[in-house]
2 protein chains.
Amino acid sequence: MTEKSKTLVDQILIQIQNSIITGEIPAGSKINEQSIAKQYGISRGPTREALQTLERQRLVVRAPHIGARVAQLTVKELNELYQLRSVLEGMACELASNRISQTEMQSLQALLERQEQALVDGDHDFQQQSEIDFHYQIIQASDNRHLQETLTGSLYHLIRMYRFQTSGDERPTSAIAEHRRIIDAIADGDGELANLLMRRHIERGRKNTEIKLIERQKQQAAAESLLTINNL
Amino acid sequence: MTEKSKTLVDQILIQIQNSIITGEIPAGSKINEQSIAKQYGISRGPTREALQTLERQRLVVRAPHIGARVAQLTVKELNELYQLRSVLEGMACELASNRISQTEMQSLQALLERQEQALVDGDHDFQQQSEIDFHYQIIQASDNRHLQETLTGSLYHLIRMYRFQTSGDERPTSAIAEHRRIIDAIADGDGELANLLMRRHIERGRKNTEIKLIERQKQQAAAESLLTINNL
DNA sequence: CGTGAAAATATTGTCGACAATTAAAACCAA
DNA sequence: TTGGTTTTAATTGTCGACAATATTTTCACG
């Protein structure tokens, strides 16, 4: 069936990615090359290459002679990431407004309807996934290769990670309404409006994630201080 | 003196970078791991890692089982690259306008004066270098880590490559005047204006580079057709 | 006990060899 | 010659071992 993935790196990369994004390997924790290699039954060569790829995706930070750690953003850095993302996706919307094809437009519309259905059904996983798909499709429609690579190659993995690890019950109703308006603006060819609406949409997502990250950090700090007290 | 660069990759990386940026290894040409390794007296391991780093910097394109090639942009892709850059550096200007410190501002002013002096002296190399420095300093002043990494880690190497390989006698007088206005806007804290001026500044650079790239491509096409005729 | 130096351990960096795959050459048929 | 096949060579992918560096542990001394 899934016959490809000819190289070992490709095969394990997605697995490590998922382990990081889900938090199975916690943010900030050290990654040992040998144990990763043993875990997947491969040698350290491909493991190192996978780690370098993860570094490009900004999921991992590496230092010479010291090793790799799972990335961990401060609240400030998370906000910076979202700010950058909003500018880039706003640009994507503006470009898409001028160039988007009929089939791409129909695909976006169909996706939106499925999202609305998933909202009715309460299918939370699908909502999460289709939120991502929505943004991906617009990015693809921008028809700017470097913009696409920057967003999907370097920024989106981190976004997904923090979305996943801070996700409770989101703000699905309002988010879908925002999607609707963005699509309408693109359909109208109003790039300036689409840009603005996308930036606002992402800014709301940023606030949501920021709040939850701060909550989580407080809990962790509390748990840690409790732990250190017990160890004295 | 220069005591660091503890790892082999760091040592050879800059050399390969320069070979690519100067065109010593031509755009689009294949890169052989073994010959690179032999050339620098190291094994293929570090060589592969260096190539992967160059891939992150977008100076190299790699394909599984096929190998690495020096990146080669079409005119369309070059324009997309510049368009992305202008949006990001516009953003950097806007952020810098709000946050820049006095010392950073003075450093920018000093750089500008040196640029003007280099213009008088006709020091072309220094002009080229300080043009880059100017943009770097503003990017640094933006105080957004992800923006910085995107620009200096992924985009600027390609920009430098195409700047270098298409550079004749540039448009130095007007460029410096534009720098002056951008700095003034930042000093005034007028982020919106600084953003606009930077985008225009880069757009002019784009046009300049585009024209020269098209010229070069025509020359190459002519030379190539001549060559094939002779081989018949 | 605490602190700092020294020894021991663990981890990353580098190498050379072999396997898997692709690119080039040789070959044959039309 | 040309087009397609098979064979050969070249190149990339993977592995295990050793070297260089960082981290942990041990131990002596205050």
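Proteins get letters first, then strands, A, B, ... in listed order; numbering begins at 1 in each.
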(request) Check the side chains of T209(B) and Y82(B) for a donor-acceptor pair under 3.5 angstrom, ignoring hydrogens and angles. (result) yes

(request) Can you see which heavy atom on A71(A) is nearest to which on A27(A), and at what distance? (result) O-CB, 3.5 Å

(request) Work out which heavy atom in F126(B) is nearest to a heavy atom in A118(B); give both atom names and the distance. (result) CD2-CB, 3.3 Å

(request) Taking all heavy atoms of L155(B) and all of L81(B), pick out the closest pair and write down the distance. (result) CG-CD1, 3.9 Å

(request) Under the side-chain hydrogen bond (donor to acceptor under 3.5 Å, both in side chains) rule, what do S101(B) and E104(B) come out as? Steps first, then yes or no, please. (result) CA-CA 5 Å; S101(B) 69; E104(B) 284 174 317; 3.2 Å; yes

(request) State, to 0.1 Å, how close K30(B) and R69(B) come at their nearest heavy-atom pair, and which atoms those are. (result) N-NH1, 3.3 Å

(request) With a 4.0 angstrom cut-off to heavy atoms of chain A, pull out the first and last contacting nucleotide of DNA chain C, in 5'-to-3' order. (result) dT11(C) to dT22(C)

(request) Taking only heavy atoms on the protein side, list every residue of residues 60-67 of chain A lying under 4.0 Å from any atom of DNA chain C, sorted numerically. (result) P64(A), H65(A), I66(A), G67(A)

(request) Heavy atoms only: give me the nearest Q137(A)-L108(A) pair and the separation to one decimal. (result) OE1-N, 3.7 Å

(request) Rounded off to whole Å, could you give me the CD-to-P distance for the Q34(B) and dT12(D) pair? (result) 8 Å

(message) Distance alone, cut at 3.5 Å: any donor-acceptor contact between the side chains of R58(B) and H146(A)?
(response) yes

(request) Assign L51(B) to base, sugar-phosphate, or nothing according to its heavy-atom contacts below 4.0 angstrom with the strands shown. (result) nothing

(request) Answer yes or no: is there an ion pair linking D143(A) with K76(B), defined by an N-O contact shorter than 4.0 Å? (result) yes

(request) Would you kindly give the CD-to-P distance between Q52(B) and dT12(D), to the nearest whole Å? (result) 14 Å

(message) Under 4.0 Å, heavy atom to any atom of DNA chain D: which of residues 41-50 of chain B qualify?
(response) R44(B), R48(B)

(request) Kindly give the heavy-atom pair with the smallest separation between Q148(A) and Q140(A), and that separation in Å. (result) NE2-O, 3.1 Å

